[in-house]
Amino acid sequence: MDAKFSITVPAYKSQYLKECIDSVLSQTYSNFELIILNDASPENLDEIISKYHDERIRYYINEKNVGAIDVVDNWNKLLEYAQGNYLTCMGDDDKLLSNCLEEYNKLIALYPKM
């Protein structure tokens, strides 16, 4: 059985967000959802997100910034939105190699009881 991955990104900075999203969307393994949580950023993250028309992307916005004050709250919100079997947490300035999820899926198949 193929795994479904939930890739979560708490987003605040816009500088590398497009590269982050592009790295996820360019995966050789396509059974994933990308969940982005805008942490009430003063930067225009909506403009970046609106350029994508991929049903695997789900975008949410915090009413107030929690940032470093309560970073666990951000992760918990992202976990609530996740619907996959496996979770990958990224920063808004992180990138995945194009075969990352494919390699994770291979490892899961090799070690199903882990």
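Only this structure's heavy atoms are used, side chains among them; waters, hydrogens and symmetry mates stay out.
Between Cys20 and Gly91 the shortest heavy-atom distance is SG-O, 3.6 Å. In this structure, Arg56 and Ser30 approach most closely via the heavy-atom pair NH1-O, 3.4 Å. Closest approach of Tyr59 and Asn38 over heavy atoms only: OH-ND2, 2.8 Å. Considering every non-hydrogen atom in both Gly84 and Ser6, the closest pair reads N-OG, 2.8 Å. Shown here for Gln27 and Val24, the closest heavy-atom pair between the two residues is CG-O, 2.9 Å. Here the shortest heavy-atom pairing between Asp22 and Lys18 reads OD2-NZ, 2.6 Å.
Remark: side-chain polar atoms of Asn62 are not paired, donor with acceptor, to backbone N or O of Asn65 under 3.5 angstrom. Under a 3.5 Å cut-off, the side chain of Asp39 and the backbone N or O of Ser41 do not form any donor-acceptor pair. Distance alone, capped at 3.5 Å, is enough to place a donor-acceptor pair between the Asn85 side chain and the Lys4 backbone. Of the possible polar contacts, none joining the Asn76 side chain to the Asp73 backbone as a donor-acceptor pair under 3.5 Å is found. Between the side chain of Ser23 and the main chain of Leu96, a donor-acceptor pair closer than 3.5 Å is present.
Ring pair Tyr29/Phe5 is perpendicular by interplanar angle, where above 60° counts as perpendicular and below 30° as parallel.
Clustering ILVMFWY residues whenever any of their side-chain heavy atoms sit less than 4.5 angstrom apart, transitively, puts Leu87 in a cluster other than the one holding Tyr104. Cluster membership check: Leu97 does not share its hydrophobic cluster with Ile7, using side-chain heavy-atom separations under 4.5 Å among Ile, Leu, Val, Met, Phe, Trp and Tyr. Linking ILVMFWY residues whenever their side-chain heavy atoms come closer than 4.5 Å, directly or via other members, leaves Tyr12 and Ile48 in distinct clusters.
Of the N and O atoms on the side chains of Asp92 and Tyr16, not one donor lies less than 3.5 Å from an acceptor on the other residue.
Salt bridge present: Glu103 and Lys106 bring a charged side-chain N and a carboxylate O closer than 4.0 Å.
Taking the six-membered ring wherever Trp is involved, the centroid distance between the rings of Tyr81 and Tyr60 falls below 6.0 Å.
For the atom pair CG of Leu34 and CE of Met90, the computed distance is 8.0 Å after rounding to the nearest 0.5 Å. Here Leu78 contributes atom CG and Ile36 contributes atom CD1; the two are 10.0 Å apart, rounded to the nearest 0.5 Å. With rounding to the nearest 0.5 angstrom, the OG atom of Ser98 is 12.5 Å from the CG atom of Leu25. For the atom pair Leu79 CG and Thr8 OG1, the distance stands at 6.5 Å (nearest 0.5 Å).
No side-chain heavy atom of Leu45 sits less than 4.5 Å from a side-chain heavy atom of Ile61. The shortest distance between side-chain heavy atoms of Ile49 and Ile21 falls below 4.5 Å.
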>> Under the criterion salt bridge (charged side-chain N to carboxylate O under 4.0 Å, His left out), I'd like the reasoning laid out for Glu33 against Arg58: C-alpha separation, chi angles, the key distance, then a yes or no.
In response: CA-CA 7 Å; Glu33 60 182 354; Arg58 292 191 294 138; 2.7 Å; yes
